[in-house]
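Both backbone and side-chain heavy atoms feed into the values below; hydrogens, waters and symmetry mates do not. Throughout, a chain's letter reflects where its sequence line sits, starting with A, and its residues are numbered from 1.
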There are 2 protein chains.
Amino acid sequence: MSDLLQVAKLAGVSRATAARAFSSPDLVREETRNKIFAASEQLGFRPNHIARQLRTQSTRMIGVLLPSLQNPIFAAQLQAMENLAQLHGYSLLVATSNYQPLREAAIVENMLRQRVDGLVLTVADADHSAVLLDLQREAIPLVLVHNSPQRLGLPAVRVDNRLAVMQATGVLLKLGHRHIGMIAGPMLQSDRARQRYQGYCDAMSKAGLTPADVVEMPDHIHSDLNTLLPLLHGPRAFTALLCTNDLLALSVMGELMRTGYQIPRQISVIGFDGIEMGRMQFPSLSSVVQPLEEMGRLAIAHLLAQIAGETPPPGCLAHQFRYGESIAPPATQTL
Amino acid sequence: MSDLLQVAKLAGVSRATAARAFSSPDLVREETRNKIFAASEQLGFRPNHIARQLRTQSTRMIGVLLPSLQNPIFAAQLQAMENLAQLHGYSLLVATSNYQPLREAAIVENMLRQRVDGLVLTVADADHSAVLLDLQREAIPLVLVHNSPQRLGLPAVRVDNRLAVMQATGVLLKLGHRHIGMIAGPMLQSDRARQRYQGYCDAMSKAGLTPADVVEMPDHIHSDLNTLLPLLHGPRAFTALLCTNDLLALSVMGELMRTGYQIPRQISVIGFDGIEMGRMQFPSLSSVVQPLEEMGRLAIAHLLAQIAGETPPPGCLAHQFRYGESIAPPATQTL
DNA sequence: TTGTAGGCGTTATCAG
DNA sequence: CTGATAACGCCTACAA
């Protein structure tokens with residue numbers, strides 16, 4: 001591939017002038033400029049960003065770490081981030097950790113070696129994250145999404161998970177439910193799942209009820225019918241289920257309906273995230289809606305501001321409860 | 001940030017030796033190596049990939065262009081690609097075009113300037129793609145996913161869309177359906193949608209039936225009830241609907257059920273892609289399953305092979321029809 | 001096993 | 001407005 005020097009030669013100018021024709025065209029006489037562009041065209045010249053990056057010490061690249069892309073919430077967020085980044089001339093270096101701290105660390109290290117201009121991270125468990133601790137020392141623009149470590153004061157874009165589930169639980173309580181269960185994926189892996197369970201416990205306690213143990217599924221996004229069914233029988237049977245995320249909720253609904261349960265008549269279900277699919281299907285899923293597009297945009301905007309040397313204020317984003325067809329008063333009006 | 005020279009000085013060796021300690025440790029005596037690593041640690045040295053890339057003319061980065069991340073098929077494929085790439089020490093530069101050819105072109109140009117080692121592209125419409133034509137001239141490793149332009153002989157990872165829908169239509173025909181409709185997103189934007197419609201037409205014609213006009217929705221992934229309902233009444237009312245993708249199918253199902261239709265008793269629905277959600281929900285969606293994970297892996301594997309100088313053979317991947325609860329014989333046994 | 005030196009393709013500083 | 005030249009940080013013959 002030809003370089004600036006060849007273009008310069010062919011155009012009969014110096015390398016410096018050729019370079020200027022590209023980076024600051026107005027500093028070059030039009031005639032000269034055209035000769036340079038013609039030569040460039042003829043040689044199939046393409047500016048080398050690597051060399052430019054080495055020289056300018058700026059990559060216009062942002063490193064994005066996500067736990068997974070299986071869950072559409074991350075895809076939606078990534079889409080929003082990419083749109084805004086692209087608009088500002090930034091590229092995204094994307095990697096997934098599959099919720100594994102070791103991979104998180106390796107990925108971040110690699111991104112730092114690549115000299116990305118900033119990082120947008122979603123880690124599995126922010127409070128026990130070695131990566132975030134290490135990153136404290138680096139002076140690199142950084143935004144967390146979904147996470148918010150208790151101790152570290154890092155800029156974060158997220159909703160108040162605990163409060164949100166407290167309110168969602170409140171909705172079920174108000175409908176008359178007393179036996180409410182909480183379904184989650186692997187709790188140890190996800191700080192968010194734990195926060196959401198806390199919100200449930202808070203709401204139950206405040207209502208004078210005993211929070212049930214969390215029902216832990218082996219997978220973040222699939223329910224296991226064998227674990228579930230026993231909990232729906234007997235005097236303490238759940239009449240409503242809160243799920244830590246929408247995919248889990250949709251999986252629960254599907255399996256229960258397939259087994260013959262009527263939703264919401266026999267069982268009410270509430271999810272978390274507010275993914276599109278929940279609205280599409282029938283019965284539609286009640287859920288705590290996270291403003292994912294906005295979160296993605298905000299993460300990038302915040303990062304760009306940091307890169308520009310500003311320090312914008314943090315703050316939680318507002319969630320919203322979406323009433324769907326998956327909830328109703330409990331069938332048997334016990335008590 | 002400190003560089004190799006500083007590390008070398010502190011360790012009391014030359015820059016070359018310090019460099020070797022990182023790139024080929026076995027060429028350096030252990031004692032020396034340890035001194036270098038210690039110095040590196042002390043200085044917080046981090047190898048600069050940009051400089052390395054400039055020098056070695058290799059980035060170990062792959063450019064990935066996708067139409068969108070809203071559709072989980074792309075997310076799933078991306079996830080698979082990222083996993084395999086990461087395993088081989090490659091990073092992914094990801095960008096989305098939102099099905100816009102102009103963005104496709106700009107994105108690819110940018111990736112080339114970044115000197116990615118290879119490209120994995122999914123364009124909106126391969127047969128009318130300026131990007132692909134231009135790329136013919138570049139000698140860069142390239143794999144298409146989902147696309148397969150008629151004229152250009154580019155390596156592609158995909159299923160036979162036309163055949164697949166022909167078979168899916170066959171399933172409906174065998175069930176006794178005669179009035180089968182095909183629902184699509186914006187046809188002009190997507191070569192795949194057109195191929196799939198072709199498959200439907202083929203099957204209908206072969207069965208001695210007249211293919212209906214495609215029912216075009218304004219959006220790739222949402223159905224519009226107002227467009228749909230009129231087609232379900234009258235003597236030529238559809239008893240079965242083929243959709244060009246699963247999200248569209250799930251949207252159709254949800255809306256119809258919400259309106260009071262029984263699925264599959266009154267209307268059968270078949271999708272395309274085989275996304276997870278289709279299996280989860282009740283009734284589960286019948287669909288043509290694309291092996292998305294395999295496609296993602298294969299795309300990367302094929303690309304890495306090209307980068308290694310090999311030229312692996314192309315070939316379609318096998319699709320598979322998944323029977324779900326969304327299809328049944330037509331209600332009224334006309335004819 | 002280690003050192004020397006040149007170059008990867010830009011940009012930026014300084015003269016002219 | 002244009003040209004010469006020195007970095008940016010690393011790798012890699014080649015020589016010692």
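Here the rule is side chain to side chain contact (heavy atoms under 4.5 Å, CB included) with A:E82, and of B:T96, B:L66, B:L69 only B:T96 fits it. When each of A:V120, A:L132, A:T122 is checked for a side chain to side chain contact (heavy atoms under 4.5 Å, CB included) with A:L144, only A:L132 meets the rule.
Taking atom CD on A:Q114 and atom C1' on D:dC10, their separation rounds to 14 Å, with Å as the unit. The interatomic distance linking B:R20 (CZ) with D:dC10 (C1') rounds to 13 Å, in whole Å. Taking atom CZ of A:R60 as the reference point, atom P of C:dT10 lies 18 Å away to the nearest angstrom. The separation between A:L4 atom CG and D:dT2 atom C1' is 15 Å, rounded to whole Å.
Judged by distance alone with a 3.5 Å cut-off, no donor-acceptor contact links the side chain of B:R115 to the base of C:dG9.
Looking at residues 31-59 of chain B, you'll see B:F45, B:P47, B:N48, B:A51, B:R52, B:R55, B:T56 sit with a heavy atom under 4.0 Å from some atom of DNA chain D.
Of the possible donor and acceptor atoms, none in the side chain of A:D117 sits under 3.5 Å from a partner among the backbone N and O of A:S58.
Comparing D:dC10, C:dT2, D:dA4 against the side chain of B:D3 picks out D:dC10 as the nearest.
Heavy-atom minimum distance, A:T17 versus A:I36: O-CD1, 3.8 Å. When all heavy atoms of B:L119 and B:L303 are compared, the pair lying nearest together is O-CD1, 3.6 Å.
A donor and an acceptor atom, one from each side chain of B:R103 and A:Q86, are located under 3.5 Å apart. Side-chain contact annotation: A:E293 with A:Q79, donor-acceptor N/O pair under 3.5 Å absent.
When the local axes at the two ends of the helix from C:dT1-D:dA16 to C:dG16-D:dC1 are compared, using 5 base pairs at each end, they differ in direction by 30° after rounding to 10°.
Take B:S190 and apply the side chain to side chain contact (heavy atoms under 4.5 Å, CB included) test, not counting sequence neighbours, and it matches B:R192, B:A193, B:H220.
Between B:S14 and the phosphate of C:dT4, there is no side-chain N or O to OP1/OP2 separation shorter than 4.0 Å. The side chain of A:R15 places no N or O atom within less than 4.0 Å of a non-bridging phosphate oxygen (OP1 or OP2) of C:dG9.
A salt bridge links A:R194 with A:D125; the closest basic N to acidic carboxylate O contact falls under 4.0 Å.
Contact annotation for B:L27: base contact, defined as any heavy-atom pair under 4.0 Å involving a base atom.
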